[in-house]
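Please read all numbers here as calculations on a predicted model, not as lab measurements. Chain letters run A, B, ... following the sequence lines, proteins first, then strands; residues in each count from 1.
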Amino acid sequence: MARIIMLIDLDAFYASLEELRRPEIRGKPVIVCVYSGRTEDSGAVATSNYLARELGIRAGMPIAFAKMAAKGKDVVFLPVDKEYYGAVSDRIMDIFGDYAERFQQVSIDEAYLDVSERSGGSYEEAERIAREIKERVREEEGVSCTVGIGPNKFMAKMASKKNKPDGLTVVRPDDVPAFLNGLPVGKLHGIGEKTAEELMGLGIKTAGDLASFSLPSLEERFGKNKAKLLRERALGIDDSPVEQKERQQLSRIATLKEDSSDADEIMKRLSELCADLRKRMEKLGVSFRTVTLITIDAHLKMQTRSETIQEKDDPCAALDNVRALLVGFLKDENHKGIRRVGIAVSNLSYKEKKKEQKTLFDY
DNA sequence: CGACGTGTAAC
DNA sequence: CCTTTTACACGTCG
């Protein structure tokens, strides 16, 4: 059966929430940042509102660059408050849940809704539902969102990119080719910088080029699986279901005050991170079997060392294993120093229904 | 096949 | 002078 899928994206979510709770900053460019604590301005932009985007300030940009771009302007820099945004997000996701047969939260500010039945297969009805959701979110939480509607998740996502913020774009099955064909391959969701460059090298500039490129040649370059994926993207095909997935991994990374290769020093930081992870794991009711040490050096190269051990529910109980991984790493990679360190746990098992684990798992 | 490490991508 | 978190695919090794 044909499906109708919706992707809802909360507009400049962090910045919008800051504007809501701080009326005095409304009407100004707002930049919400992750400060690393290394120097005054080290860190990166998490989200900027649309006024800040007009100044060229975007997510991912170093804070120092953003400050340059903002020089002389009346702009507001704020640190992220993930807990607060998460609480609001949970409430909004609950609203979404009211309208969907199936629901999939993909991040703190994005979710897919399968409304095939609810809409009775009608795109007009799906659009009406979208308007109702937008209105409720605005009424109840004061933020705007952008909706894309299409025959699958990929097309819903592509539709949503068309018109932001506060947008609503519908792409019917018949309109898919016209919608995609002229787009540069790099604009296709799931095709990043590296892949786009490789495609360029083959003379493939647009989705149309990609759709008509010989499959065997694609397979030669990218392997069977990725070639298939690329072709499907170009054609707007995506059969993946809307379904909430269980978390596979939790991690926590931090930037060291200065580059270090001193195991004791680094372990101090790692044990703090473990304590943080423990809290999150308790909330979710999970245990793990694999622990991973994450390191990032001065050139921002990331490396990992992991070990699978007896099942544990407290990452702090695996700190000896982490230390061993770290010592081994420092030995065989004789580094100038580590800039950032982190720890991840994976190979998770979920214990019985922990009571009310937040919206994610109510589905 | 499971474990491990890297690369790519997105938010 | 460069953040954080997660997922997934793929190659390799034993």
Side-chain angles (χ1 to χ4, degrees), chain A residues 7 9-15 31-48 58-68 79-80 82 85-86 89 104-111 153-154 157-158 160-161 185-199 222-230 233 240 244-256 258-259 273 276-277 280 284 289-309 325 328-329 332-333 339-348 360:
Chain A
L7 182 276
D9 190 321
L10 302 169
D11 299 322
F13 188 50
Y14 299 176
I31 300 129
V32 182
C33 303
V34 182
Y35 289 93
S36 71
R38 171 164 279 227
T39 65
E40 173 83 0
D41 283 346
S42 65
V45 174
T47 310
S48 54
R58 299 275 145 76
M61 175 181 279
I63 294 168
F65 292 6
K67 292 241 154 125
M68 298 275 282
V80 287
K82 266 285 195 76
Y85 313 145
S89 168
Q104 178 181 3
Q105 182 175 351
V106 290
S107 73
I108 196 168
D109 66 355
E110 256 189 68
K153 290 201 287 183
F154 172 71
K157 176 70 182 175
M158 292 305 295
S160 77
K161 294 206 230 187
V185 285
K187 296 254 177 164
L188 298 176
H189 183 63
I191 298 188
E193 202 186 316
K194 307 282 182 177
T195 309
E197 252 172 59
E198 261 191 276
L199 290 170
F222 295 99
K224 226 167 166 41
N225 286 335
K226 186 150 187 202
K228 179 166 181 281
L229 194 79
L230 289 172
R233 294 282 196 236
S240 65
Q244 192 58 57
K245 300 193 176 99
E246 274 187 338
R247 192 185 293 283
Q248 311 268 319
Q249 178 187 98
L250 291 96
S251 66
R252 192 75 173 68
I253 300 183
T255 304
L256 297 171
E258 57 221 353
D259 295 1
L273 297 178
D276 211 274
L277 275 186
R280 287 167 56 196
L284 293 169
R289 286 223 309 131
T290 302
V291 61
T292 302
L293 167 76
I294 303 164
T295 65
I296 294 150
D297 69 18
H299 311 312
L300 300 186
K301 181 181 164 59
M302 177 186 300
Q303 284 172 287
T304 59
R305 289 290 182 276
S306 64
E307 188 186 4
T308 299
I309 56 180
L325 291 170
F329 178 82
D332 54 47
E333 315 276 333
R339 178 186 176 90
R340 290 156 63 198
V341 283
I343 182 161
V345 292
S346 54
N347 230 321
L348 305 179
L360 257 179

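- Base engagement by A:Thr304 is indicated by at least one non-hydrogen atom pair under 4.0 Å involving a base atom.
- Here the C1' atom of nucleotide C:dA9 and the CZ atom of A:Arg233 are 13 Å apart, to the nearest Å.
- Each of B:dG7, C:dA7, C:dT4 was ranked by its minimum atom distance to the side chain of A:Gln248; first place goes to C:dA7.
- Although no hydrogens or angles enter the test, the distance criterion places a donor-acceptor pair under 3.5 Å between the side chain of A:Arg280 and the main chain of A:Ser251.
- Base contact: A:Gly60 has a heavy atom under 4.0 Å from a base atom.
- A straight line from CD1 of A:Ile253 to P of C:dA7 spans 13 Å, rounded to a whole angstrom.
- Spacing between atom CD1 of A:Ile296 and atom C1' of B:dG5 amounts to 15 Å, rounded to whole angstrom units.
- At the heavy-atom level, A:Ile108 lies nowhere under 4.0 Å from the strands shown.
- A donor-acceptor pair under 3.5 Å links the side-chain atoms of A:Gln244 to the main chain of A:Gln105, judged by distance alone.
- Counting any heavy atom pair closer than 4.0 Å across all strands shown, A:Asp9 reaches no nucleic acid atom.
- Side-chain atoms of A:Arg58 never come within 3.5 Å of backbone atoms of A:Ser48 as a donor-acceptor pair (strictly under, hydrogens ignored).
- As a whole-Å value, the separation of A:Glu246 CD from C:dA7 P is 11 Å.
- Residue A:Ser251 has a polar side-chain atom (N or O) positioned under 4.0 Å from OP1 or OP2 of C:dT6.
- A:Thr292 comes within 4.0 angstrom of no nucleic acid atom, judged by non-hydrogen atoms across all strands.
- Summarising the local packing, NZ of A:Lys228 is surrounded by 12 or fewer heavy atoms from other residues, nucleotides or ligands at distances under 6.0 Å.
- At C:dT3, one or more side-chain N or O atoms of A:Arg340 fall inside 4.0 Å of OP1 or OP2 (strictly under the cut-off).
- Atom CZ in A:Arg38 sits about 9 Å away from atom C1' in C:dC1, given to the nearest Å.
- Proximity of A:Thr308 to the phosphate of B:dG2: no side-chain N or O atom is located under 4.0 Å from OP1 or OP2.
- Residue-level contact check: A:Thr195 touches the backbone only, with heavy atoms under 4.0 Å from sugar-phosphate atoms and none from bases.
- Counting non-hydrogen atoms under 4.0 angstrom, A:Ile63 reaches nothing in the nucleic acid.
- In terms of phosphate contacts, A:Arg247 brings no side-chain nitrogen or oxygen within less than 4.0 Å of OP1 or OP2 of C:dA7.
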- Message: Quick one, A:Ser36 with A:Ser42, criterion side-chain hydrogen bond (donor to acceptor under 3.5 Å, both in side chains). Give me CA distance, side-chain angles, the key distance, then yes/no.
- Response: CA-CA 6 Å; A:Ser36 71; A:Ser42 65; 2.6 Å; yes
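- Put simply, A:Arg305 has no side-chain N or O that comes within less than 4.0 Å of OP1 or OP2 on B:dC4.
- Here the C1' atom of nucleotide C:dT6 and the NZ atom of A:Lys245 are 12 Å apart, to the nearest Å.
- Residue A:Gln303 has a polar side-chain atom (N or O) positioned under 4.0 Å from OP1 or OP2 of B:dT6.
- Listed pair A:Arg289 / B:dC4 fails the phosphate criterion, with no side-chain N or O lying under 4.0 Å from OP1 or OP2.
- Listed nucleotides C:dT6, C:dT3, B:dC4 differ in distance to A:Arg280; the shortest reach to its side chain belongs to C:dT6.
- The structure places CG of A:Leu7 at 9.5 Å from NZ of A:Lys153, a figure rounded to the nearest 0.5 Å.
- Side-chain atoms of A:Ser306 lie closest to B:dG5 of the nucleotides B:dG5, B:dA9, C:dC8.
- A straight line from CD of A:Glu307 to C1' of B:dG5 spans 15 Å, rounded to a whole angstrom.
- Here the side chain of A:Ser89 pairs a donor or acceptor atom with the backbone of A:Ile108 at under 3.5 angstrom.
- Taking only side-chain nitrogens and oxygens, A:Thr290 never comes nearer than 4.0 Å to OP1 or OP2 of B:dA3.
- Of the side-chain N and O atoms in A:Lys157, one or more sit less than 4.0 angstrom from OP1 or OP2 of B:dC11.
- When each of A:Thr255 and A:Lys224 is assigned the nucleotide of DNA chain C bearing its nearest heavy atom, the one mapping closer to the 5' terminus is A:Thr255.
- Residue contacts shown for A:His189 are limited to sugar-phosphate atoms, with no base heavy atom under 4.0 Å away.
- Across all strands, A:Thr39 comes closer than 4.0 Å to no nucleic acid atom at all (heavy-atom distances).
- The side chain of A:Gln249 sits closest to C:dA7 out of C:dT4, C:dA7, C:dT5.
- The distance from atom CD of A:Glu193 to atom P of B:dA9 is 8 Å, rounded to the nearest whole Å.
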